[in-house]
Amino acid sequence: MEVKKEHFINQSARYAIIMFLLITSATAVFAEETISEFWESVFEQHGTVMLLIDAESGSIVRSNQAAREFYGYSRDELESLTIDSINMMTPDEVTSEIQAAARQQRNYFIFPHRLSDGSVRTVEVYSWPAGPASSLLFSIIHDVTQRVETRQALQEYTRRLERAEVITKLGHWEFHLSDNAVFASEGAKQIYGFTGDTWTIPEVQEIPLPQYREMLDQAIIDLVQYDIPYDVTFSLFREQDGKTVTVRSIAEYDHEDHVIFGSILDITEFEAAMASLERQKDSTISTMVLFLLFMTAAAAVLVKLLLDRKKHAEKLAESEQEYRHLFASNPNPMWIYDPASRRVLEVNNAASRIYGYSREEFLAMDLRDLFGKDSPCEGMNQDNKDLQNSVMITHRTRDQREISAEISCHGLQWNSSPCLLVLAVDMTEILQAEAQRRVLEQQLHQAKKLEFTGRLAGGIAHDFNNMLGVIIGHAELSMQLAAPDSPLLPSLQEIRQAAERTAEITRQLTAYASRQIISPVPCLLSAKVRDMAPFLEELAGSEVTVHYDLDEKIPPAAVDPDQFDQMLTNLAMNAVDAIEKKGSVTIEVKHSICVPPASQESPENFVIVRITDTGCGMDEHARENLFEPFFTTKSTGKGTGLGMAMVYGAVMQNKGYIDAASEPGKGTAITLYFPALDGEKLAVASGKLSENDHS
């Protein structure tokens with residue numbers, strides 16, 4: 001798989017654009033102080049390595065947490081450096097590139113950067129001025145060392161393959177009938193004597209000597225229209241070296257893509273050797289007739305013939321040795337496979353290294369032992385037209401490590417028998433990296449969206465609280481001043497009640513925005529759930545059964561007790577509402593060492609609270625928007641859309657994680673992860689609790 005540079009450039013540009021849009025949007029909503037907080041939060045918590053660099057002095061002015069973790073420095077250490085102290089280019093080159101970015105002549109760079117431990121990583125940098133009149137450069141940095149090394153390895157492999165074709169005077173070519181374009185490998189170019197960069201089919205068909213051209217055109221027509229095998233021998237004149245060469249070409253036609261795939265082999269020396277043998281044969285017969293008269297001369301001719309045959313045998317052995325070396329040293333696993341006996345006849349070193357089997361074990365193996373029933377070579381033989389097609393298959397090595405490999409099969413003759421050459425290219429790391437990148441991008445996008453929405457909700461709630469205080473105060477004052485029989489008294493009561501209901505919504509918004517004042521203390525969550533059991537069962541009603549699975553030996557977690565009660569109540573109400581008729585709700589509390597779905601950290605101790613219902617479940621759209629404020633799956637008038645948003649904000653404020661799993665018709669499971677307090681963490685938390693009580 002080729003990973004193009006433009007992908008990473010666009011990726012970095014998107015990060016930059018998202019950040020500038022967030023800052024611009026915040027300018028329209030918040031005061032200058034709030035903008036500063038927002039910028040600091042986004043810059044510091046962003047998972048991408050980011051630096052602010054003074055374009056005039058090259059000093060590193062600011063760095064975020066990701067940059068400090070990547071380079072291995074503390075904030076003070078990193079921000080005391082200049083960029084040329086970590087960039088391994090010369091100071092003049094670094095200054096030139098900084099000025100190019102400052103003048104916006106260039107924004108994309110590839111640099112070697114040195115980390116604090118002395119190691120060097122290849123990084124991709126996207127840099128531009130932080131503002132119209134600013135001397136600071138805002139830089140986003142990606143580690144592309146592995147991609148560069150992979151690309152270099154692929155280039156080396158391609159170079160070796162091209163060299164092998166040139167050495168063996170072998171090449172391959174493609175005729176694209178849809179646009180008459182021609183592709184030729186390096187070996188084919190040397191055999192044909194191609195010049196220039198592009199060729200058409202008519203141009204290539206004019207290269208052979210005139211007496212062969214009509215035959216070659218007819219052979220192409222027979223292959224495309226009637227599937228008659230294309231196997232031709234012809235001669236051509238090469239203007240570059242003034243030589244006439246004889247070649248043999250074999251091809252197959254892909255009807256779906258309208259492409260002819262062919263190989264070409266220079267057999268000039270072979271034809272000359274055969275002609276020489278024929279002449280030597282005639283000479284030998286003549287010599288035998290005149291044997292008695294020319295005994296001495298015949299002996300000399302016989303000795304010369306034996307010497308020539310010895311040299312020819314040595315040349316064949318040398319050529320075979322070169323092919324065996326190319327096969328054995330190929331960096332990708334390769335086998336010679338007999339489809340008739342279903343046995344491996346030969347295997348290279350890379351196969352033994354990657355799959356963990358010795359050569360002897362491979363030779364005793366049926367490929368179905370490795371690939372299972374879905375072996376790509378099953379049912380294939382040398383006459384199959386789709387031998388060149390590759391398939392992606394997942395299988396296991398000897399140590400049960402699962403890998404994904406791209407498998408392709410090619411027909412060949414081995415010891416005069418038709419066999420298959422099987423090539424496997426390990427794509428495991430590339431596929432895993434791509435899948436992880438997609439998951440991290442989705443998590444980052446969702447987290448940033450909820451964070452930004454939370455900040456907006458917090459600002460709105462703060463303003464609402466101020467206005468509601470005025471409304472409730474004036475309503476109560478008017479009610480005190482009004483006469484008991486005043487017709488305005490009911491209206492004033494309605495105003496006060498509406499304002500109080502709105503205040504409740506505002507409190508939920510404040511909880512979602514994580515702006516409530518909380519008092520986390522060590523809590524045994526199993527005991528908390530057991531104490532709330534009567535209330536929860538009354539809430540569920542007679543049609544819904546509540547089950548409990550509570551681990552009594554779990555460690556405590558630092559949680560605000562009142563907020564935990566609100567979380568559990570909201571989740572239980574949602575679970576009951578999701579059950580249309582009869583059903584059940586299960587509440588579990590357990591202890592686990594794990595990595596929460598939304599976290600990128602190493603495994604830690606967590607107390608897990610999971611609420612599972614047998615209700616109607618949710619589709620993908622509902623799951624993605626579940627924690628956004630004012631989003632609800634309930635009918636009009638049956639919910640504010642703030643319950644799950646409040647739970648999300650409260651969990652985040654208590655330094656926990658939340659995850660939702662659901663499918664339509666299969667119920668929903670909401671899981672809360674709270675950091676467990678054990679050992680030193682419990683002592684610290686208990687100490688803080690004692691200090692608060694004493695104060």
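Positions are given from 1 along the sequence.
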side-chain hydrogen bond (donor to acceptor under 3.5 Å, both in side chains) partners for T671, two or more places apart: R610
Pairwise distance CG(L524) to CG(L677) - rounded to 0.5 angstrom: 10.0 Å
Non-neighbouring partners of E588 that pass side-chain hydrogen bond (donor to acceptor under 3.5 Å, both in side chains), sequence neighbours left out: none
Pair Y71-H113, side-chain donor/acceptor within less than 3.5 Å: yes
Closest contact, heavy atoms only, A350 versus P333: CB-N, 3.8 Å
Partner set under side-chain hydrogen bond (donor to acceptor under 3.5 Å, both in side chains) for D565, not counting sequence neighbours: K528
Flag side-chain contact, heavy atom, 4.5 Å: Y657 against F674: no
Flag side-chain contact, heavy atom, 4.5 Å: H591 against N605: yes
Main-chain N/O of S74 paired to E77 side chain as donor or acceptor, under 3.5 Å: yes
Stepwise side chain to side chain contact (heavy atoms under 4.5 Å, CB included) check, R147 with T150: CA-CA 5 Å; R147 174 165 62 89; T150 301; 5.7 Å; no
Output field: ring centroids Y355/Y357 closer than 6.0 Å: no
All side-chain hydrogen bond (donor to acceptor under 3.5 Å, both in side chains) counterparts of E56, not counting sequence neighbours: none
Heavy-atom side-chain proximity of I140 to H142 below 4.5 angstrom: yes
Worked check of side chain to side chain contact (heavy atoms under 4.5 Å, CB included) between I611 and L568: CA-CA 8 Å; I611 295 87; L568 197 60; 4.1 Å; yes
Side-chain (R103) to main-chain (Q105) donor-acceptor, under 3.5 angstrom: no
Heavy-atom donor-acceptor pair, S526 side chain to D551 backbone, under 3.5 Å: yes
Test log, rule side chain to side chain contact (heavy atoms under 4.5 Å, CB included), inputs V125 and L51: CA-CA 10 Å; V125 180; L51 298 174; over 6 Å; no
F111 CZ to M89 CE distance, which is reported to the nearest 0.5 Å: 5.5 Å
Residue pair N64 / F70, side-chain heavy-atom distance below 4.5 Å: no
Taking every non-hydrogen atom, the tightest pair across L672 and M567: CD1-SD, 4.2 Å
Heavy-atom pair with the smallest gap, counting every atom of P520 and N654: CB-OD1, 4.3 Å
pair I53-L136: side-chain heavy atoms closer than 4.5 Å: no
For S358 against S352, the heavy-atom pair lying closest together: C-OG, 4.0 Å
Side-chain H-bond candidate by donor/acceptor type, T90 with E93, under 3.5 Å: yes
Heavy-atom pair of closest approach, residues N348 and N332: ND2-O, 2.9 Å
Any donor-acceptor N/O pair, S96 side chain to D92 backbone, under 3.5 Å: no
Separation of S662 OG from D619 CG (nearest 0.5 Å): 8.5 Å
Atom of S85, atom of R114 and distance for their closest heavy-atom approach: O-NH1, 4.1 Å
Where at least one partner belongs to residues 66-75, residue pairs that pass salt bridge (Lys or Arg N to Asp or Glu O under 4.0 Å), sequence neighbours excluded: E44-R68, E44-R75, R75-E79
Donor-acceptor under 3.5 Å (H46 side chain, T48 main chain): yes
More than 12 heavy atoms from other groups under 6.0 Å of CD on E156: yes
Check: F138 and S127 side chains under 4.5 Å, non-hydrogen atoms: no
Flag, side chain of T122 to backbone of T145, donor-acceptor distance under 3.5 Å: no
Under the side-chain contact (heavy atoms from CB on, under 4.5 Å) test, residues paired with D117 that sit two or more places apart: L115, S119
Between Q65 and Q45, a side-chain donor and acceptor under 3.5 Å: no
Side-chain heavy atoms of Y673 within contact of I658, under 4.5 Å: no
Any side-chain donor near an acceptor of the partner, T82 and D84, under 3.5 Å: yes
Worked verdict on L137 versus I98 for side chain to side chain contact (heavy atoms under 4.5 Å, CB included): CA-CA 8 Å; L137 290 177; I98 288 177; 3.7 Å; yes
Check: S59 side chain, D54 main-chain N or O, donor-acceptor pair, under 3.5 Å: no
Minimum side-chain heavy-atom gap V589-I608 below 4.5 Å: no
Main-chain N/O of E663 paired to E620 side chain as donor or acceptor, under 3.5 Å: no
